[in-house]
Every structure is written in C-alpha cells, then in structure tokens.
Amino acid sequence: MTRAFTYRGSAAHIVFGAGKRAETGAWVETLGCSKALVLSTPHQAGAANALAAALGGLAVGVFAKAAMHTPVGITEEAMALVKATGADSVVSLGGGSTTGLGKVIAYRTDLPQFVIPTTYEGSEVTPILGQTEGGRKTTVRGDCILPEVVIYDPDLTTGLPLSMTITSGLNAMAHAAEALYAQDRNPVSCLMAAEGLSAFGEALPLLKADPADTGARSAALYGAWLCGTVLGTVGMALHHKICHTLGGSFDTPHAETHAIMLPHTVGFNAGAVPDQLQPLADLFGSTPGAGLFDFSAQIGAPRALRDLGLSEADLDRAADIATENPYWNPRPIDRASIRHLLQDAWEGTRPAV
Ligand code: NAD
C-alpha cells in the first residue's frame, strides 16, 4: 500500500547535456538579466574568465575567490564587487564552494543564480546554505537560496581529478542513501534516489578505469542532479549528522569524510530498514554496508578516518557531539553504538552488514 506523503516539485530550471554551457547567456537573458557576475574558486579562475569572455557584454566581472564552507569575509568582498558593478545576477562555475558563494549573495540580495556545477556534491539543487564565521558553521534554508537555473555540462567535469571524482561521487550517493529511508520521503524522491545510486554505481568504476570516459562522466553528472535533488527535498539522518560533526568540529575534508562514513552508516541502519534500502541491496548486495565498503575498495576510495588526520583520541568527543542533538534516524542512536561505529570507520574495518 502506498504510504501517505507530501510532494513539492522544485522550481529550478535544469538544463543537461554536453556543450550546454554555451547556452548560459541565453538563460541569463531569458530571466531578464544583463549584468552577470561570474564566480569561481582561484583554481578555476581560467574557466571563469573564459566563461565571462563567452558571455561578452552580459558579464560585468569575475570574482575568483570562492572558498570551502562560504567564509563570511569572502562574502563581504564579493558583495562589494556586486555593488560596485551593479550586477543583476550571478553565474557560479565550480563545485560546492562556488555554488555556496552564489547562494549567499542571493540570500542577501535575491539576485538570480545560474549555476554550472563541476563536481557531484549537489548543492546547486538545494535551498540550503552553509556559511562560516569565526570557525562556526551555520545553516539556513530558503526559497531565494535555491538557484534558478542549473546547467549540467559533463564536458566541464572531465578535468575533475580522479580522487575528487570518486569522493565527490560517494558524497552524492550518501544523500541518496539517506533519502531512501527519510521520514518525509515520497515516491518521487525514492525513485530519484534509487536512480541516482544506480547512475553512480555504474559510472564510478568506469571513471576509475578511464577518467576521460565521456559516457561515464555524463552518467555521474546525471546522478549528481538526482542525488542533490533528494538532499534538497527530504531530511537527512545519522550519516549527515556524523559528517557534519567531523567536518565542523575536527575539520576533516568534506567529500572524503562522506566517502569513508557511507558504508558504516548504511551498515548501521541496514537491519532497521531493509525494505527501504532494497535499491542499495540490489546494487551492492544483501549486506549493503559491506557491499558499499567493497565498492569503495574497487574504485580506490579512502576507507579509514585515521588517514584524514583524525586522532583516535578525537573519537570520544566526536561521539559526544554526534549524539548530543541527534537528527532523526531509522535505528535508535546511543552513544556507545556511535562510538563503536566511529572506531570501525577510523580503523577502516569492513562492516558486517
Ligand atoms: P569545492 O567546490 O571546494 O571544490 C574543490 C576544489 O576542486 C576547488 O579548488 C575547485 O575549484 C576544484 N574543482 C571543482 N571542480 C573541478 C573540475 N571539474 N576540475 C578541476 N578542479 C575542480 O568542493 P566540493 O566538494 O564540490 O564542495 C564542497 C562544499 O560544498 C562544502 O563547503 C560543503 O559544505 C558544500 N555543500 C553544500 C551543500 C548544500 O546543499 N548547501 C551540499 C553539499 C555540499
């Protein structure tokens, strides 16, 4: 029997396909804009300058200082340029750091955002903004944070280094894994989550063998859209709580932390929600935590928190923080079991289920 649900579709325009970045200018004009500020990280300044050149008179400048976790100091600098140039929109070219900068500008000004994602983390299709000030991360949600237009052009992802391809892909898969058992899931979010997991299940081994495989790049970016969309649609649980704890309080790198934790958190919940996790079992075997751990090994993903510089002594405090204000989770959480789970993830032990 179909359970009761509430469904709300996203208002964003999604444009997908190789070469579609060439349509950026047309989309800027379609939304009535003519003065776009192009954003990127310093690393992708070259691509941002090329995009600005292609936009011609529709671009008023490039701000290539986006940084991880949207630090307020960088936002202030970008806002000064928005003011000085009279920008009426932002074009964010890059991963979650650049998307985050575009989102915070939109949060402050309600300017339309055009996002061209080049990693798989999914922020471009969520109404969520995380930002940091003085080492503290805060998160806000709002309709004005959701980008208006997202242009997925797989050509721009062929240069994503293999290690980031793998960890960013597993980061996206974690959104979908938790969407499968979310309390507020709906039939569409479950279909999207299963399809996103399947896309990455197929694409990541192919990309491990050949990072320039254009078909696999396209499949992975398609998966990123699906996994990001469910992240923005339904609530996340234990996995995301632990990753936010480790990233926020111990500064572990974002995508790698998700990649390492995923088999362990799936294994932890597998017994509580076998029906909901069936799509993962279909892809990775009847013990999906162990199956994901083996998949991670196959694609060369990092598998132990100790390799991220986290000390064993940090695990007690991490368990305290992760269980202080826990998110809803399908299997009840207690400090001892989370401490145990963290130990396994720190050592890189294969989950039993
Ligand atoms: P990132 O954006 O910091 O990118 C990492 C580095 O890779 C940067 O130097 C970037 O320029 C470079 N890079 C990106 N794409 C490239 C490509 N195709 N080729 C070569 N280099 C490339 O990292 P990320 O993992 O994409 O994003 C992480 C951030 O996203 C975190 O701050 C996280 O909190 C945020 N995030 C937010 C949400 C949300 O919904 N708000 C969701 C997921 C992640």
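Note that ligands are numbered from 1 as they come in the structure, with each ligand's atoms numbered from 1 the same way.
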Atoms of ligand 1, numbered as shown, that sit under 4.0 Å from any heavy atom of [X]:
X: Gly159; value: 19 (N), 20 (C)
X: Gly95; value: 2 (O), 26 (O)
X: Thr41; value: 9 (O), 10 (C), 11 (O)
X: Lys103; value: 39 (C), 40 (O), 41 (N)

- Query: Does Glu133 CD have over 12 foreign heavy atoms under 6.0 Å away?
  - Reply: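 At most 12 heavy atoms, drawn from other residues, nucleotides or ligands, come within 6.0 Å of this atom.
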
- Determine whether more than 12 heavy atoms belonging to other residues, nucleotides or ligands lie under 6.0 Å from atom OH of Tyr327.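 For Tyr327, atom OH is crowded (more than 12 foreign heavy atoms under 6.0 Å).
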
- Does at least one non-hydrogen atom of Gly100 fall below 4.0 angstrom from an atom of ligand 1? no

- Message: With the threshold set at under 4.0 angstrom, would you say Leu231 reaches ligand 1 through any of its heavy atoms?
- Response: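 Under 4.0 Å: yes for Leu231.
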
- Task: Identify which of Leu156, Ile128, Thr165, Thr139 has a heavy atom lying nearest to atom 41 (N) of ligand 1.
- Result: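 Considering heavy atoms of Leu156, Ile128, Thr165, Thr139, the nearest to atom 41 (N) of ligand 1 sits in Ile128.
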
- Message: Can you check which of Lys137, Glu121, His69, Met68 brings a heavy atom nearest to atom 36 (N) of ligand 1?
- Response: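 Of the listed residues, Glu121 has the closest heavy atom.
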
Are any of the N/O atoms in [X] less than 3.5 Å from those in ligand 1?
X: Gly96; answer: yes
X: Ser168; answer: no
X: Thr119; answer: yes
X: Asn171; answer: no

For [atom], what is the nearest protein heavy atom, given as residue, atom name and distance?
atom: atom 38 (C) of ligand 1; value: Ser123 CB, 3.4 Å
atom: atom 15 (N) of ligand 1; value: Thr118 OG1, 2.7 Å
atom: atom 40 (O) of ligand 1; value: Thr126 OG1, 2.6 Å
atom: atom 9 (O) of ligand 1; value: His43 CB, 3.6 Å
atom: atom 4 (O) of ligand 1; value: Met164 CE, 4.0 Å
atom: atom 10 (C) of ligand 1; value: Gln44 OE1, 3.4 Å
atom: atom 3 (O) of ligand 1; value: Ser97 OG, 2.5 Å

When you check the side-chain N and O atoms of [X] and [Y], is any donor under 3.5 Å from an acceptor?
X: Arg141; Y: Thr126; answer: no
X: Thr118; Y: Gln44; answer: yes
X: Thr252; Y: Thr257; answer: yes

Does the distance from a Lys or Arg side-chain N to an Asp or Glu carboxylate O, for [X] and [Y], drop under 4.0 Å?
X: Lys208; Y: Asp213; answer: no
X: Arg108; Y: Glu76; answer: yes
X: Arg350; Y: Asp294; answer: yes
X: Asp143; Y: Arg8; answer: yes

- Pairs meeting criterion side-chain hydrogen bond (donor to acceptor under 3.5 Å, both in side chains) with involvement of residues 187-206, two or more places apart: Glu195-Tyr222

- Atom pair CD1/OG of Ile105 and Ser89 - distance to nearest 0.5 Å: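 Spacing of CD1 (Ile105) from OG (Ser89) equals 10.5 Å.
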
- For the residue pair His244 and His258, does the interplanar ring angle fall in the parallel (under 30°), tilted (30 to 60°) or perpendicular (over 60°) class? perpendicular

